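Take a look at the structure below.
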2 protein chains.
Amino acid sequence: MSQGNDHPGQSDMTAGVATLADVAEHAQVSTATVSRCLNAPERVAKHTRERVLAAVQELGYSPNFGARALAARRTGTVGAIIPTMDNAIFARAIQAFQEELRAHGVTLLVACSAYRPEIEEEQIRALVARGADALLLIGHQRDDAIYQFLERRGVPALVAWVHDPDAGHPSIGFDNRKAMHELTREVIRLGHRRIGVITAEQRDNDRARARVGGICDAMLAAGLSPDDLALVETPYSVEHGRQAFARLMRRAPRPGVVICGNDVLAAGALQMAREMGLHVPGDVSITGFDDIEIATLVDPALTTVHVPHRAMGRQAAQLLIEMVRSGAPLAKSVELKTDLRLRGTLGPPPG
Amino acid sequence: MSQGNDHPGQSDMTAGVATLADVAEHAQVSTATVSRCLNAPERVAKHTRERVLAAVQELGYSPNFGARALAARRTGTVGAIIPTMDNAIFARAIQAFQEELRAHGVTLLVACSAYRPEIEEEQIRALVARGADALLLIGHQRDDAIYQFLERRGVPALVAWVHDPDAGHPSIGFDNRKAMHELTREVIRLGHRRIGVITAEQRDNDRARARVGGICDAMLAAGLSPDDLALVETPYSVEHGRQAFARLMRRAPRPGVVICGNDVLAAGALQMAREMGLHVPGDVSITGFDDIEIATLVDPALTTVHVPHRAMGRQAAQLLIEMVRSGAPLAKSVELKTDLRLRGTLGPPPG
DNA sequence: GTCTCGAATGTAAGCGCTTACAATTTTTCA
DNA sequence: TGAAAAATTGTAAGCGCTTACATTCGAGAC
């Protein structure tokens, strides 16, 4: 305001911003008609509509969000709580998610949980309080009270990044366990027996657990014992990946391959390998998971599991919109395919 | 909560969700008192407050966002429109921005413009329509009508990623021109004369223009002619960086250094150099800008300009909160320092 | 020409909250 | 001890919009 209000002439602008009532008066119709023009144009006669829209233009009218939300009992907003925005793991999917929502006139609110359940709960409540019509969550695992809370408030939630038909909630994602199983099978096929693993903290992270589970599955399937895994658990970050890798390399016998829970950890591991003067994959192989952009930027490029980020984001949006529209029952879960990207960091074991 | 709802008696739950009035009734006070308990607890006597908060707990009450926004005439939301979420350039700053906002009870809404002015304008209007109390924008350059619109609606805006005291709007950022000048000076000092540049499209991007300007400044200062620059303009992406680099390498004389407008382009360039069998920095040097995570993940690590992403995000949040609180006049602009990170991709010219 | 019916529009009741103002109670202090 | 000041609470008027319902009008049907 301020400036603009100094020009008295122009048009009706009693106070600051034009309201529906101002538009109605300007166009010589009732507020109901203006509202209908905006929300259900086909229910208004053409010439009336044109007059109203002209008034909207002229007054620079734009509806008040709060009022609309209050009266309509929905906000046209969906929320997403992702663990972090700091690395690129979720960026691409969220971007696609948002693009698709936008195409349907829905706004996205993003919050981060920092991989901490209590912060996630807080954020869920915050987003619901802000009127999110639906929520996108990462992973199934959370306190049942949260699901009850959402149900009570009538806020449908979709779980992404996992596919588990047995979980009680609709999801869109892939089978982390199976994907990691496949990758590990390939690793073993190349002859690796001394296998190191860098995983995210498994406690509150079902994806991380599933991925480790997949590694174990593959070992068992190959007649190996999962007990022989050299496993390090660490937070997700390049720096932690570096340190975890260094720790693994100090073990005896030294692992010939390090399977990382995601590409960020793998990038850290790769960097540390270089620093330690280890040749990849000659001295040690490294694999990641996610196939984010850095996977092909590092040298050698990272062998990893490709995840269809954009497809997941886009379809998540469609499902969520459908859930909101249809009054929020459960959609069926959707499974997306992952596939191996065999690149330079994986080779046969040394020696 | 949740559990309790299965007991029908228990407490008032006429319809679905508890309202302020329900809480008031439950606690035997007026709605005003409940409202005060939530918004200005110190204005309510301790024992009353406790009774009210107990009722809030018991009913699982959470305020209706729309109603609150409507009545209070503000939403506790600020919006940020960034060019893209697809790469990491803005991620870290936005993350810090959000963390700081959250600490003050403010919610962040993020939208992307895809570097397109018309989409940016649309997103600005959308965020304002959704009740953003203030906006964070990237770069000064945009249609003056947009600034007028914001002023008219009383929505303060802060410009980030640039520092230009002469621009008409408060900003927090750094001097892109000066920073690139310094980097280029170092490049020239090493003996480079055949300089290639990969820049983002300059038309709608004042940061890109300023960075190119800085390169020219440095050349002039060294007695070189900016006309001799081999300059390629391209969208921001790894793939475009690759192609632009290949194009530059076909020029004669071939540049001995390629200065990239940001790290993403530089990462692409570096990748292509490897692919073309060119040794970096032996055959050609490459520099970036921003110092995002990939800068140290690639090999050799990228010489670049370090930008204080997190500090910028955090301080932007503080400024914006202050602008909202103080009724939205202009804060003074804040300049942050950048500094050179000389790493492996920059060396003396070949031969 | 009258009647019926549907399309177009208007009327007005909230949606759930904040807050100015009024009413009441408690403190403070001479 | 009593009046004024301060603290606490209540009353009620909106905030700007949507929407159920009522009203009006015109076009066929008879």
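Remember, predicted model here, so these are calculated numbers, not experimental data. Below, chain A is the first sequence line, B the second, and so on; all start at residue 1.
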Exercise for review: Looking at every strand, decide which applies to A:T19 at a 4.0 Å heavy-atom threshold: base, sugar-phosphate, or nothing.
Suggested key: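 Sugar-phosphate only.
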Exercise for review: For A:F65, answer base if it contacts any base atom (sugar-phosphate contacts may also be present), sugar-phosphate if it contacts only those atoms, and nothing otherwise; contact means non-hydrogen atoms under 4.0 Å.
Suggested key: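 No contact.
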Check your understanding: Would A:E322 and A:Q318 count as having a side-chain donor-acceptor pair, cut-off 3.5 Å?
Key ->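 Result is no, nothing qualifies.
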Report yes if the side chains of [X] and [Y] come closer than 4.5 Å at any heavy-atom pair, otherwise no.
| X | Y | answer |
| --- | --- | --- |
| B:F97 | B:L136 | yes |
| A:I82 | A:I94 | yes |
| B:L108 | B:V110 | yes |

Review point. So, A:R142 and A:E120, do they make that salt bridge, N to O below 4.0 Å?
Key: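 Between A:E120 and A:R142 there is a salt bridge, with a charged N closer than 4.0 Å to a carboxylate O.
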Point to revise | Ring geometry between B:W161 and B:H309 (parallel below 30°, tilted from 30 to 60°, perpendicular above 60°) | key: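 Geometry flag for B:W161 against B:H309: tilted rings.
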**Study point:** DNA chain C: 5'-proximal contact among A:R73 and B:V34 (nearest heavy atom)
**Key:**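 Comparing both residues, the 5'-ward one is A:R73.
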Practice item. Name the first nucleotide and the last nucleotide along DNA chain D (5' to 3') that come under 4.0 Å of a heavy atom in chain B. Key: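 It runs D:dT8 to D:dG16.
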Point to revise | Of B:E42 and B:A72, the one whose closest DNA chain D nucleotide lies more 5' | key: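 Closer to the 5' end of DNA chain D: B:E42.
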Check your understanding: Is a side-chain donor or acceptor of A:T75 paired with a backbone partner of A:G131 at a separation under 3.5 angstrom?
Key ->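 Yes, A:T75 side chain to A:G131 backbone: donor-acceptor pair under 3.5 Å.
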Set out, line by line, the N/O atom pairs under 3.5 Å between protein and nucleotides 9-11 of chain C.
unit_1, atom_1, unit_2, atom_2, d
C:dT9, OP1, A:T48, OG1, 2.3
C:dT9, OP2, A:A45, N, 2.8
C:dG10, OP2, A:S30, N, 2.9
C:dG10, OP2, A:S30, OG, 3.1
C:dG10, OP2, A:T33, OG1, 2.7
C:dG10, N7, A:R36, NH2, 2.9
C:dG10, O6, A:R36, NH1, 3.3

Point to revise | Of all pairs that satisfy ring-ring contact (aromatic ring centres under 6.0 Å, His included), the ones with a partner from residues 116-137 of chain B, not counting sequence neighbours | key: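 Listed once each, the pairs would be none.
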